[in-house]
Amino acid sequence: MPKHGWLTPKAIANRIKAKGLQKLRWYCQMCQKQCRDENGFKCHTMSESHQRQLLLVAESPGKYVHAFSEEFLHGFMTLLRLQYGTRRVHANEVYQEYIKDKHHFHMNATRWVTLTGLVKWLGRESICEVEDTPKGWFIKYIDRSPETLARQAAAEKKDKMDKDDEERSQKMIELQISRALASKKEEDEVTVSTELQRTNEEEKVVFNLSRSGPSGSGAGSTSQHEGAGERSNSSGSPENTVSDQQPGSSGPTHPAPPPQSSGSGSDAGGGGFSRNPVASGGSVQPLHNALRLAAGKTTTARKKEASREDDVRGGASNGRKRKLTALEEIRMMEEQRKEKMNRRDNWLAEGVVVKVVHRKLGERYYRKKGVVEEVKDLFTGIVRMADSGDRIRIDQAHLETVIPAIGKPVMVVNGAYRGLRAVLESLDADNFCVSVRIDQGPARGRLLERVPYEDISKLA
């Protein structure tokens, strides 16, 4: 019977059948021939060409099986690596994608009888991470290519360098803080007033209690230790003027008041006080009153301390802006650098408690809380609801953070300290912000104030 022509319906039907994927059990891997039905496969196995190929394979079957296995594994792993990457995927899904190629190497010609055997072998050889679930076997490719290993090593080195730089900056800031505290202690040291001590009992102590002029300051009085020998002026009469001028001042000297009568202010016995030192017959030297000078220094130190406390509180009440110190400028620059580096659009993190704020999910989930179990594609999370236990996939735009009670642990989900655990210290409901204390990393113990609600969330 002659063959059908090229354009006859029978020939077109045969070409259509041959074009598509046929039954795998009717494929001969040795001859690389696909049969359309069982009768055709039987006729092929009885053909002379198949018998000759069978004799060649029988001489060294292990070599052929090994070659077929290598080709099949190479094609299967190439598809898994290029199309699925390092994602967790069902093994049968990868196999169905692989056998879509008509000229692929069939598994019945390899060392693995079933797909389960292949998956178990991949797990034993540490080529993939395998997991047996009620839905079947899942595999995940482990990428050990030199480019990937080099990229991972570079990323780890960069993270280590960033961590070292951060620790070095933290140590430098702590050193500058200790130096600033030491210098502050030195500035705060003031002269402490002590009791007046007399080394010689025979020596007289005279205080000048005269009233100072308008230009005089609070420490205008003078004291004199007068010895036994008294001096007089060149005319033989005692001096009747004393100098109240302070050291370093350019004002004129003031004459002493006239001597009083013998009935008032006498220093008989050497133990009294005299308003006019000339009455004792001796000359006086312009010395500072130690008591009043110490009191003046103490008052000045207290004023400086009060002014410093006002500056620390931020003297905004007087409308003036306090100038930052070098240490505060360095810390501010470091905070700005961290804020710029860690401030991102996505904030979802595993282990935080969130609240659903999307009405279209229904009343069953609306305004209900859950825990983020997994983050996918940065902006999508797998959330397990707290009341029902359901696992839902939801975008972060339909979620909001949860603020716990004071003293409870939270996680900073955005900003300079992103990813660090902290403890809630206080809550400012009027300004929609909180204060937290970092509880992790080199910045542990640092207090962060005025942190917005959306930058922290409760930890599960």
With rounding to the nearest 0.5 Å, note down the distance linking [atom1] in [X] to [atom2] in [Y].
| X | Y | atom1 | atom2 | answer |
| --- | --- | --- | --- | --- |
| Tyr366 | Leu361 | OH | CG | 11.0 Å |
| Glu174 | Met172 | CD | CE | 11.0 Å |
| Met333 | Glu328 | CE | CD | 14.0 Å |
| Arg450 | Leu448 | CZ | CG | 13.5 Å |
| Tyr64 | Ser69 | OH | OG | 14.5 Å |
| Arg384 | Glu374 | CZ | CD | 11.5 Å |

Shortest non-hydrogen contact between [X] and [Y], atoms and distance:
| X | Y | value |
| --- | --- | --- |
| Gly415 | Arg343 | CA-NH2, 3.7 Å |
| Asn414 | Asn346 | ND2-O, 4.4 Å |
| Leu447 | Glu425 | CD1-CG, 3.8 Å |
| Leu118 | Met107 | CD2-CE, 4.1 Å |
| Ala460 | Val371 | CB-CG1, 3.7 Å |
| Tyr365 | Asp390 | OH-OD2, 2.9 Å |

Backbone N/O of [Y] and side chain of [X]: donor-acceptor pair under 3.5 Å:
| X | Y | value |
| --- | --- | --- |
| Arg421 | Gln440 | no |
| Arg393 | Ile382 | no |
| Asn342 | Ala416 | yes |
| Ser178 | Leu175 | yes |
| His106 | His104 | yes |
| His66 | Arg111 | no |
| Asn431 | Cys433 | no |
| Thr110 | Trp112 | yes |
| Arg437 | Gly445 | yes |
| Glu373 | Arg391 | no |

I want to check something: taking the side chain as every heavy atom from C-beta on, are [X] and [Y] in contact at a cut-off of under 4.5 Å?
| X | Y | value |
| --- | --- | --- |
| Val353 | Leu459 | no |
| Glu335 | Tyr417 | yes |
| Ile139 | Val119 | yes |
| Glu334 | Arg337 | yes |
| Val130 | Lys120 | no |
| Leu73 | Phe105 | no |
| Leu399 | Lys355 | no |
| Arg331 | Ile173 | yes |

Do Ser457 and Thr401 have side-chain N/O donor and acceptor atoms under 3.5 Å apart?
no
With no hydrogens and no angle check, just 3.5 Å: does a side-chain donor-acceptor pair link Gln170 and Arg446?
yes
Do other residues, nucleotides or ligands put more than 12 heavy atoms under 6.0 Å from [X] [atom1]?
| X | atom1 | answer |
| --- | --- | --- |
| Arg179 | CZ | no |
| Asp345 | CG | no |
| His358 | NE2 | yes |
| Met332 | CE | no |
| Phe432 | CZ | no |

Assess whether side chain to side chain contact (heavy atoms under 4.5 Å, CB included) is satisfied between Met385 and Ile392, documenting all intermediate values.
CA-CA 8 Å; Met385 305 307 295; Ile392 60 175; 3.7 Å; yes
Quick check on salt bridge (Lys or Arg N to Asp or Glu O under 4.0 Å): which of Lys369, Lys458, Arg367 does Glu400 satisfy it with?
Arg367
Criterion side chain to side chain contact (heavy atoms under 4.5 Å, CB included) on Glu97 and Lys100, from CA distance to verdict
CA-CA 6 Å; Glu97 190 70 24; Lys100 286 181 180 180; 3.4 Å; yes
Electrostatic pair Asp143-Arg81, nearest N-O below 4.0 angstrom:
no
Any salt bridge linking Arg88 with Glu131? Criterion: basic side-chain nitrogen under 4.0 Å from a carboxylate oxygen.
yes
Let me see the working for Val94 and Gln83 under side chain to side chain contact (heavy atoms under 4.5 Å, CB included), right down to the final yes or no.
CA-CA 9 Å; Val94 184; Gln83 187 163 342; over 6 Å; no
For Phe72 and Tyr98, I'd like to know if the aromatic rings sit close, meaning centre-to-centre distance below 6.0 Å.
yes
Between Trp347 and Ile456, is the side chain to side chain contact (heavy atoms under 4.5 Å, CB included) condition met? List the steps.
CA-CA 9 Å; Trp347 56 268; Ile456 66 164; over 6 Å; no
